2 protein chains.
Amino acid sequence: MGRPREFDLDEALESAMQVFWARGYEGASLTDLTGAMGITKTSMYAAFGNKEQLFRKAVERYGEGPASYATSALAEPTARAVAEAFLRGSARTTTLPGSPSGCLTVQGALATSAGSRPAHDMLVCWRNDVGVRLEERFQRAVADGDLPPDADPRRLARYIMTVGFGIAVQAANGLDRDDLDDIADTAMRTWPL
Amino acid sequence: MGRPREFDLDEALESAMQVFWARGYEGASLTDLTGAMGITKTSMYAAFGNKEQLFRKAVERYGEGPASYATSALAEPTARAVAEAFLRGSARTTTLPGSPSGCLTVQGALATSAGSRPAHDMLVCWRNDVGVRLEERFQRAVADGDLPPDADPRRLARYIMTVGFGIAVQAANGLDRDDLDDIADTAMRTWPL
DNA sequence: AGCGTTCTGTACCGGCCGGAACTTAATCGC
DNA sequence: GCGATTAAGTTCCGGCCGGTACAGAACGCT
């Protein structure tokens with residue numbers, strides 16, 4: 001009931017995500033955001049609450065879209081395939097043709113002023129969550145005999161996460177997908193099996 | 001001649017560096033900076049020019065201080081020792097007790113608004129320079145027979161840089177030095193010799 | 001002493017920040 | 001047709017942003 005919304009929520013959120021991705025949380029002003037979204041500040045506030053909640057939604061969308069490789073990689077049959085899919089996914093997503101270089105959840109709010117702590121903390125949690133799920137997957141691999149019994153799931157997960165983060169910075173630094181794939185290959189040479 | 005400066009240039013720059021390190025280029029306001037430096041905006045402008053030049057000076061100081069490991073590691077006798085010193089140095093510097101977690105040159109300006117492009121580009125160059133010097137050191141190692149003739153210096157340098165960047169993000173994520181040293185150990189298991 | 005030079009503190013600039021009040025417009029059930 | 005409800009556009013807010021004009025204070029030089 002009431003007047004129908006004249007813009008598409010999904011499209012607007014997609015545009016906001018792209019702006020946050022390119023400029024980071026603090027670097028993305030409401031003018032930038034609403035300009036890209038094609039709506040006014042009023043409409044944004046009515047639809048999303050405020051800048052922080054818009055960011056949260058954008059990060060959720062990022063996790064379900066560009067960064068969905070982090071979840072789908074867990075479904076690979078072996079731990080090695082999981083790790084490889086994870087690194088290749090990060091190489092791919094940080095160099096998507098129509099999107100900014102790098103990873104939204106890495107460059108979105110690494111260092112910020114005090115006012116942006118919520119956004120910063122939220123990304124810390126997001127990144128740690130991914131690491132924990134990777135660790136749990138590797139724990140299962142040890143239990144299944146897929147990884148040797150002396151393998152350390154936490155250490156392996158942290159290593160893969162670290163290389164993933166590094167790939168994101170390298171992408172922001174201008175490396176292309178082939179370069180990043182090379183890095184992923186090199187990183188996989190440590191793999192126990 | 002003229003009225004003598006009442007503050008210490010070095011101390012002021014050190015304080016500014018710490019603020020940029022913690023909050024990033026955009027997140028560090030002139031109020032934050034001059035407050036920490038213990039001087040007024042006027043004094044800062046007279047002494048350093050403007051915010052961008054202050055940032056440049058702060059990054060220079062960072063390279064000669066906390067990040068000097070990136071240069072001194074090159075003097076290690078073997079390529080393996082270079083790589084190991086580099087990764088341990090990054091683990092150490094990103095977890096210095098009195099300083100912010102993470103690396104100034106990584107989190108200083110990864111994603112920014114258009115107005116901060118100069119700061120962003122400057123850090124891209126800084127990071128790439130470090131990578132190039134590492135690559136040249138590994139080229140020398142191949143020429144010296146320290147690395148096998150089929151080793152790829154560029155690939156190795158990029159890999160080490162990637163892990164270094166990843167360590168910086170993990171530090172910002174809250175990992176402590178022991179955790180980061182573990183990661184460095186794991187990463188060194190790929191090493192050809 | 002007097003002067004040029006340089007630093008310091010205050011007060012201020014236009015502009016943009018994130019956010020909200022208020023009016024107008026579009027759609028419902030009745 | 002008629003409220004009730006919800007969205008849209010306009011306008012404005014106080015506050016902080018990076019940056020500066022100006023006047024006074026502390027020196028070296030002659």
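These figures come from a predicted structure and were not determined experimentally. Order of the sequence lines fixes the chain letters, A, B, ..., with proteins taken first and strands second; residue numbering starts at 1 for each chain.
When all heavy atoms are compared, the tightest approach of A85(B) to A73(B) is CB-CB, 3.8 Å.
Note on residues 76-105 of chain A: pairs passing ring-ring contact (aromatic ring centres under 6.0 Å, His included), not counting sequence neighbours, are Y69(A)-F86(A).
In this structure, the nucleotide among dA21(C), dT8(C), dT5(C) sitting nearest to the side chain of E6(B) is dT8(C). Of the listed nucleotides (dC17(C), dG19(C), dT8(C)), dC17(C) has the atom at the smallest distance from the side chain of T31(A).
Ring geometry for W21(B) against Y62(B) counts as perpendicular: the plane angle is over 60°, on a 0 to 90° scale with 30° as the lower cut.
DNA chain C is contacted by both T42(A) and Y25(A); Y25(A) maps to the nucleotide lying nearer its 5′ end (nearest heavy atom per residue). Nearest-nucleotide assignment on DNA chain D puts the 5′-proximal partner with A28(B), out of M1(B) and A28(B).
Between the CG atom of L33(A) and the P atom of dG19(C) there is a distance of 11 Å, rounded to whole Å. Atom OH in Y45(A) sits about 4 Å away from atom C1' in dG18(C), given to the nearest Å. Taking atom CE on M44(A) and atom C1' on dA20(C), their separation rounds to 12 Å, with Å as the unit. Protein atom CG of L30(A) is 8 Å distant from nucleotide atom P of dC17(C), rounded to whole Å. Between N50(A) atom CG and dG19(C) atom P the separation is 5 Å, expressed in whole Å. Atom-to-atom, CZ of R23(A) to P of dC17(C) comes out at 11 Å; the value is rounded to the nearest Å. Atom CD of Q53(A) is separated from atom C1' of dG19(C) by 13 Å (rounded to the nearest Å). Taking atom NZ of K41(B) as the reference point, atom C1' of dC13(C) lies 10 Å away to the nearest angstrom.
Looking at heavy-atom distances under 4.0 Å, S29(A) makes contact with sugar-phosphate atoms alone, never a base.
Between chain B and DNA chain D, the heavy-atom contact criterion of under 4.0 Å yields a 5' to 3' nucleotide range of dC17(D) to dG28(D).
Of the side-chain N and O atoms in S43(B), one or more sit less than 4.0 angstrom from OP1 or OP2 of dT8(C). Contact check, R3(A) against dA25(C): no side-chain N or O comes under 4.0 Å of OP1 or OP2.
Around CZ of R154(B), the count of heavy atoms belonging to other residues, nucleotides or ligands within 6.0 Å does not exceed 12.
One cannot find a donor-acceptor pair under 3.5 Å joining the base of dT10(C) and the side-chain atoms of T40(B).
Not one N or O on the side chain of T93(B) forms a donor-acceptor pair closer than 3.5 Å with the backbone of S90(B). E26(A) places a side-chain N or O within donor-acceptor distance of the main-chain N or O of S113(A), the cut-off being under 3.5 Å.
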Just list the side-chain donor-acceptor pairs under 3.5 Å for residues 169-176 of chain A, sequence neighbours left out, or say none.
| unit_1 | atom_1 | unit_2 | atom_2 | d |
| --- | --- | --- | --- | --- |
| Q170(A) | NE2 | R158(B) | O | 3.4 |
| Q170(A) | NE2 | T162(B) | OG1 | 3.1 |
| N173(A) | OD1 | R127(B) | NE | 2.7 |
| N173(A) | OD1 | R127(B) | NH2 | 2.9 |
| N173(A) | ND2 | N128(B) | OD1 | 3.1 |
| D176(A) | OD1 | D178(A) | N | 3.2 |
| D176(A) | OD1 | D179(A) | N | 3.0 |

